[in-house]
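Accompanying notes for the structure given below.
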Amino acid sequence: MRFSKLLIPTLKEAPKDAVLPSHIFLVRGGFIHQVASGIYDFLPLGKRVLDKIRTIVKEELDSVGCQEVQLGFVTPAELWKKSGRYEKYGAELLRFSDRKGNEFVLGPTHEEMMVELAGRFVSSYKQLPINLYQINLKFRDEARPRFGLMRGREFIMKDGYSFHTDRDDMVREFELMEKTYRRIFTRMGLDFRVVEADSGAIGGEGSKEFMVLAESGEDTIVICQKCDYSANIEAAKRAEPENVPEAPEARLMKFYTPEVTTIEELESFFHVDPFYLVKSVAKRALYDGGRSEIVLFFLRGNEELQETKAANSIGANELLDVSEEELEAAGIVPGFMGPVEIKRDISTQESDDTPYVIQKAGMNAKMVFDESLKNASNMICGANVKDYHIVGVDLSVLKDLDFEDLVQVKKEDRCIKCGGKLDYTKGIEVGHIFQLGTRYSQPLGARFLDKDGKSKPFVMGTYGIGVSRLLAAVIEQHHDERGCIWPSGIAPFEVVVVIGNIKDENQVSAGEKIYEILKKRGVDVVIDDRPERFGFKMKDFELIGFTYAVVVGKKLSDGKVEIVKRADLGRIEADVDEAAQKVADMLL
RNA sequence: CGGGGUGUAGCGCAGCCUGGUUAGCGCACCUGGUUUGGGACCAGGGGGUCGAAGGUUCGAAUCCUUUCACCCCGACCA
């Protein structure tokens, strides 16, 4: 290809709304162009990279027996209603009607469509297992698109779905996909982690995310400094703490705590470690069908609530903040919320010395306790009475408490696998694999006949890769202050032949010759034959990030050209006649 | 959805507060010339519904109202 004929609108200045390096360089390098919020055009260079990424994904998947299909981007709303996701998916689902008034959605993901397809054509266990995927456009009407290709509304995703006779076979495929994904991302030169993940709205039993490590990542990942444990913060678990602070021994009683409402205030009021305080977090939980209720989540005072875990613990779709008025209406005292009520044990003699007992607080709200509160004693908690707390609370005396994992793992917590110290890092989610089970096949009635002649729903797995997001993720990891540094497998061109001075006929003919040889050898090469000055062309080379540049310039008078490696800008000299051979070898 | 900001040439911006001829600058673009190892220089040139609608006024990019779009922080996010 000739640079002079290619549409590569490089820019000296970045668009003002670009923040991330990937966004800035993809726009400045003439790869993409924004047409609306979260919607981008791919220009020739961007399209070339996209296709190369696509090819890698396809090659690896096909090599392990997956089959590519392509489903309609516009999908009938009816299927979404059947699976129950029409309502659940919310505003992100773009809905519209055709001229006849039939309802459709733009596919944000294609479980329904693919299950429908498998259900229609796969009827026997003899056809199983089967893994179908597509690399196709998706649309999600994101509340807030940002960061260029990182979080667009329209994007390219590879979504795959596997169908099995039983769980074991599905798990086998799940593990195969993990291996295959590892190969795919390794081929793209990415530094990534496979982490335990929350299954989110898609549902299912187990899931793992593939996270490209990058400061700009939108996800927080918990990683162990000692072993290979890593998890999304939404799913991270930790071991119980090693050292427990000294307990504030106290008799069970009510304590006057005027205006003391926060954990910090309680800490200094009682001079007690927050480990022994009960933190109460009130949320309004939204469920399917618009039902909602107030839920109180209880944790130790030194912990934070992990909202995704909290929502999962009660099967809620979403948690909202609650106003003080709402709390009061439910019989809850803001600032003094607690799980228990205290009263005199009137079974014994009534006097000032009569011992107290506790019982579950009576209020119009669901209660969930974090596991770390199981059998917790010497606790201090709100009394559900204004200006009072209860000290010396032993939760083990209460029956039928609902304990769940609710806490957000902190830095320095101990690893659940090896006890090592945990730390945070940031990641870009580029892949997510799920063990789905019969979550979709069951309600959509996608069944097959098993060996025993019985009709059963498919056991499924689902596997996604953010293909267009990968362009951004690669650049986040591979750039310098001058521009993109594409790994050779996905660079828009592997080599650019730069002619230093287009008016120098010797340079032109030498450059053309090198270009022709490389082309014949099957190297992805472009020749920069533009009537621009040397510096201008080099800046473009660095901005766009071709893997190598062969510079045909001043040194040609000595019969030499230069080969510049984009990654480190290191350059070596080569004889004109050997240059093509040399750079081709370097690419291997 | 809450809070904040910005819309003037392809890109980046000035002008607006304090209304007044043909709306300006840099980059990019076109023509000619000079240049050719790190985003050149000279001369000439093209390109604008000043986001949109309505209003105030003799007169609006500028003031008022409404609206749309885009961006940032947050909420949300298979």
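Since the model is a prediction, treat every value here as computed from it, not as a measurement. So that the names make sense, note that chain A is the first sequence line, chain B the second, and so on, each numbered from 1.
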Per atom distances to the A/Arg571 side chain, the nearest of B/G38, B/C77, B/C70 is B/G38

When rounded to whole Å, the NE2 to C1' distance for the pair A/His23 and B/C11 reads 13 Å

Separation of B/A75 atom P from A/Leu319 atom CG, nearest Å, is 13 Å

pair_partner(B/C25), Watson-Crick or wobble, both distances < 3.5 Å, evaluates to B/G12

- prompt: Using atom C1' of each nucleotide, how far apart are B/C64 and B/G46 to the nearest Å?
  reply: 37 Å

Closest to the side chain of A/Arg144, out of B/G39, B/C77, B/C73, is B/C73

Next on the checklist: Is it the case that the base of B/G39 and the side chain of A/Glu532 share a donor-acceptor contact (distance under 3.5 Å, atom types as modelled)?
Outcome noted: no

*Distance-only, no hydrogens or angles: does the A/Arg48 side chain make a donor-acceptor pair with backbone N or O of A/Pro492 under 3.5 Å?*
yes

Base, sugar-phosphate, or nothing: which does A/Lys138 touch, judged by heavy atoms less than 4.0 Å apart? nothing

Item checked: Min side-chain heavy-atom separation A/Pro76-A/Glu103 under 4.5 Å -> no

Less than 6.0 angstrom from the centroid, inside 45 degrees of the normal: does A/Lys47 satisfy that with respect to the ring of A/Phe42? no

Exercise for the section: Decide if atom CD of A/Glu304 counts as having more than 12 heavy atoms of other residues, nucleotides or ligands within a radius under 6.0 Å. Expected result: no

Whole-Å distance, A/Glu142 CD to B/C1 P, equals 15 Å

Ranking B/A75, B/C72, B/C11 by distance to the side chain of A/Glu13, first place goes to B/C11

Within the structure shown, what part of the strands sits under 4.0 Å from A/Glu218 by heavy-atom distance: base, sugar-phosphate, or nothing?
nothing

Pairing partner of B/C63, by Watson-Crick or G-U wobble and under 3.5 Å for both distances, is B/G55

When both distances are under 3.5 Å in a Watson-Crick or G-U wobble arrangement, the nucleotide paired with B/C1 is B/G74

Rounded to whole Å, CZ of A/Arg151 lies from P of B/C73 at a distance of 12 Å

*asked:* Using the C1' atom as the point on both nucleotides, what is the distance between B/G4 and B/A75, in whole Å?
replied: 15 Å

Exercise for the section: State whether the distance check finds a donor on one side and an acceptor on the other, under 3.5 Å, for side chain A/Arg28 versus base B/G10. Expected result: no

Fill in: Criterion ring pair (Phe, Tyr, Trp, His ring centres under 6.0 Å) on A/Phe434 and A/Tyr463, from CA distance to verdict
CA-CA 6 Å; A/Phe434 295 82; A/Tyr463 321 95; 8.8 Å; no

The nucleotide from B/C70, B/U35, B/C27 with an atom nearest the side chain of A/Arg533 is B/U35

Closest to the 5' end of RNA chain B, once A/Lys539 and A/Ile465 are matched to their nearest nucleotides, is A/Lys539

Practice item. Would you mind classifying the nucleic acid contact of A/Glu429 as base, sugar-phosphate or nothing, using non-hydrogen atoms under 4.0 angstrom? Key: nothing

Atom CD of A/Glu234 and atom P of B/A75 are separated, to the nearest Å, by 12 Å

- prompt: Looking only at N and O atoms, is any donor in the side chain of A/Gln507 or the base of B/G37 less than 3.5 Å from an acceptor on the other one?
  reply: no

Applying a 4.0 Å non-hydrogen cut-off, can you work out what A/Lys503 is touching in the nucleic acid: base, sugar-phosphate, or nothing? base

Does the aromatic ring of A/Phe534 sit over the six-membered base ring of B/G37, closer than 5.5 Å centre to centre and tilted less than 30°?
-> yes

Winner on side-chain proximity to A/Ser37, out of B/C71, B/C73, B/G37, is B/C71

Next on the checklist: Between B/C13 and B/C77, how far apart are the two C1' atoms, rounded to whole Å?
Outcome noted: 35 Å

When rounded to whole Å, the CZ to C1' distance for the pair A/Arg284 and B/C76 reads 18 Å

Rounded to whole Å, NZ of A/Lys537 lies from P of B/G37 at a distance of 12 Å

Among B/C70, B/G39, B/C76, the one nearest any side-chain atom of A/Arg153 is B/C70

Inset, instruction - Ignoring hydrogens and angles, answer whether the base of B/C71 and the side-chain atoms of A/Arg146 contain a donor-acceptor pair closer than 3.5 Å. - result: no

With the side chain defined as heavy atoms from C-beta on, A/Asn501 is closest, among B/U36, B/G39, B/G37, to B/U36

State, yes or no, whether a side-chain contact exists between A/Phe104 and A/Arg95 at a heavy-atom distance under 4.5 Å. no

Paired with A/Leu470, the side-chain contact (heavy atoms from CB on, under 4.5 Å) test is passed by just one of A/Leu190, A/Ile56, A/Ile475, namely A/Leu190

Any strand, both distances under 3.5 Å, Watson-Crick or G-U wobble: B/G7 pairs with B/C68

Checking N1-N3 plus N6-O4 or O6-N4 for Watson-Crick, or N1-O2 and O6-N3 for wobble, each under 3.5 Å, the partner of B/C41 is B/G33

Students often get this wrong, so: under 4.0 angstrom with heavy atoms, is A/Ala91 touching a base, only sugar-phosphate, or nothing? nothing

task: Check whether the side chain of A/Asp540 and the base of B/G39 form a donor-acceptor pair under 3.5 Å.
output: yes

### Message
Within the 4.0 Å heavy-atom criterion, would you say A/Ile502 contacts the bases, only the backbone, or no part of the nucleic acid?
### Response
nothing

The answer to which of A/Gly466 and A/His33 contacts RNA chain B further toward the 5' end, by nearest nucleotide, is A/His33

Pick the P atom in B/C70 and in B/G51, then give their distance to the nearest Å. 16 Å

The residue among A/Tyr548, A/Phe31, A/Phe541 that forms ring pair (Phe, Tyr, Trp, His ring centres under 6.0 Å) with A/Trp486 is A/Phe31

note: A/Arg469, atom CZ; B/C77, atom C1'; distance rounded to Å ~ 9 Å

